[in-house]
A.B. asks: 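Please find one structure pasted underneath; my questions will follow.
We count ligands from 1, going down the list as the structure has it; atoms in each ligand are counted the same way. FYI, side chains are in, hydrogens and waters are out, and symmetry mates aren't considered; it's all heavy atoms of this structure. The model shown is predicted, which means the values in this text are computed figures rather than measured ones.
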Amino acid sequence: MKPKANSMIAFALAIVFATAASHVIAAGDGSGTVYTGDVIQGKKVVSALDVGDLEAGKKHLLYFQGVQTPTGHHWYVSVVVAKGARPGKRVTLTSGVHGDEMSSIRTVQIIMDKLDPARMSGTVMAVLDISPPALESMQRRWPNSGRGIDLIDMNREWPGNENGATAASRHAGIVFNRLLRPNSDLAIDFHTSTTGLECGAINIGDRTIPEVKKMIDLFPVRQVWDSPAYAGVLHTAFVKAGIPSFCPEVGAARVLNVEIIQQFVEGTMNVFKHHGIIEGPIGRTAADVGVFIGSGAFPVLATQGGFVEHLVRLYDKVKVGQKLTVQRNAFGEVVAEYVSAADGEVGALRSDASSEPGNVLVFILSNNAPAQKDGVYPE
Ligand SMILES: [Zn+2]
């Protein structure tokens, strides 16, 4: 009995120490920057950040300490802060919430390279690789070790929960509470479409919010889905915290699309100019590119398994009843034909040329779409 009693005491002490440690970490509530004392590849590590603490007129490259890994290390998130010489708006740019989205990360990198803090009034913070374990394997979802490995869509977790039931939920809570929310007056959460489902350039946001509408209108981007989207996405969590935000979709997953990236760089620089963070004339806007704004993104779902061939392309105008896609079995026999239930524009197309039943084959961006099926979202 004695060894068992000792081990129980040790277990109880471990709980006490773990609790004490978590209180130390929880000090970062936006009231100040906490440096852990660690330096990784020349970058200082913070577990909480207040950009007000950083030296003005300079760029700062930091690692933010996220949730722990299964072996007791931490996942770190790369943070770049361009702290203007003069005070002003604080804009946050995020990417990498999904791990297979590369053009969104490159968009934010290019924007940060263009900024000269000595000439800025305000602060721009970039948080580039929010879901590190998903990025390590170029996949959308966070590999959670709760029951073997299950895959968690981190863009259904926001604003997260520091005491949540999964590491992804806790990571979201830590990042949101100690890094994003305390340092943002406005925020843009950059995504791309997902592996197997390709879009062009789309902005997703709730245009009933004046600051969101203003930002979206400053982007020379062809398509807009005017919607708050779903609970748990990062830009909606920002909005609920009082921080106007929306979600650009920068083309296809897994690749860099230089032409589409440039549209979002230009739009973001326009936002900075509009708010006086940088100087210069406003570039092209939504009005200059013939923007199409849809209130719905109607999904056409596969009813069969089989090989997929589209008869339309991204951005095409479509009408109710127009044939969009055919599907064949292995013999080459047509097993399904899909027609549009809405007038609008093609907003996304399945890029994997086979499909199981239930997958999205086409999204139609539309203003007369039938009621939208929940749980599908072209991010
Ligand atoms: Zn995404």
Side-chain angles (χ1 to χ4, degrees), residues 66 75 77-78 92-109 111 126-144 151-160 166 168-169 171-172 175-176 180 187-206 212 215-216 219 221 223-225 227-239 245-257 260-261 263-265 267-268 297 299 314 347-352 359-360 363 365 374-379:
W75 292 114
V77 175
S78 307
T92 292
L93 312 176
T94 51
S95 59
V97 168
H98 290 130
D100 58 348
E101 303 183 0
M102 300 294 119
S103 285
S104 43
I105 295 173
R106 187 69 191 122
T107 302
V108 178
Q109 290 172 341
I111 292 164
V127 185
L128 292 140
D129 45 5
I130 284 183
S131 184
L135 283 154
E136 292 294 347
S137 50
M138 183 69 93
Q139 67 174 357
R140 177 182 175 88
R141 296 180 175 90
W142 180 295
N144 181 59
L151 298 172
I152 295 176
D153 187 335
M154 205 179 173
N155 215 24
R156 297 294 183 275
E157 295 290 333
W158 301 97
T166 67
S169 172
H171 186 72
V175 169
F176 196 76
L180 301 181
I188 307 174
D189 182 34
F190 291 86
H191 284 251
T192 73
S193 50
T194 193
T195 298
L197 180 71
E198 182 173 357
C199 72
I202 301 182
N203 280 321
I204 301 171
D206 183 352
V212 171
M215 284 195 283
I216 288 174
F219 278 69
V221 166
Q223 293 183 328
V224 174
W225 180 20
S227 166
Y230 298 97
V233 303
L234 177 52
H235 72 273
T236 299
F238 274 122
V239 167
S245 182
F246 71 103
C247 170
E249 303 279 357
V250 191
R254 303 180 80 89
V255 297
L256 294 186
N257 186 315
I260 291 181
I261 287 171
Q263 298 170 35
F264 290 98
V265 170
T268 307
L314 292 173
L349 288 170
R350 183 168 177 82
S351 50
D352 280 359
N359 290 332
V360 176
F363 271 109
L365 200 58
D374 198 13
V376 283
Y377 183 40
E379 51 187 337

A.B. asks: Give me the one residue out of Phe219, Phe264, Phe238, Trp225 that meets ring-ring contact (aromatic ring centres under 6.0 Å, His included) with Phe246.
C.D. replies: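 Of Phe219, Phe264, Phe238, Trp225, ring-ring contact (aromatic ring centres under 6.0 Å, His included) with Phe246 is met by Phe219 alone.
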A.B. asks: Say you draw a straight line from OG of Ser103 to CD of Glu249; how long is it, rounded to the nearest 0.5 Å?
C.D. replies: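 Output value for this atom pair is 11.5 Å.
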A.B. asks: For the Zn ion (ligand 1), does an N/O/S atom of Glu249 lie at less than 2.8 Å?
C.D. replies: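 Within the cut-off used here (under 2.8 Å), Glu249 places no N, O or S atom near the Zn ion (ligand 1).
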A.B. asks: Of the backbone and side-chain N, O or S atoms of His98, does one lie nearer to the Zn ion (ligand 1) than 2.8 Å?
C.D. replies: yes
A.B. asks: About how large, to 10 degrees, is the angle ND1 of His191, then the Zn ion (ligand 1), then OE2 of Glu101?
C.D. replies: 140°
A.B. asks: Is it the case that the side chain of Ser95 and the backbone of Leu128 share a donor-acceptor pair, with hydrogens and angles ignored and the cut-off at 3.5 Å?
C.D. replies: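 Checked: pair present.
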A.B. asks: Take Asp100 and Thr195 through the test side-chain hydrogen bond (donor to acceptor under 3.5 Å, both in side chains) and record every step on the way to the result.
C.D. replies: CA-CA 7 Å; Asp100 58 348; Thr195 298; 2.7 Å; yes
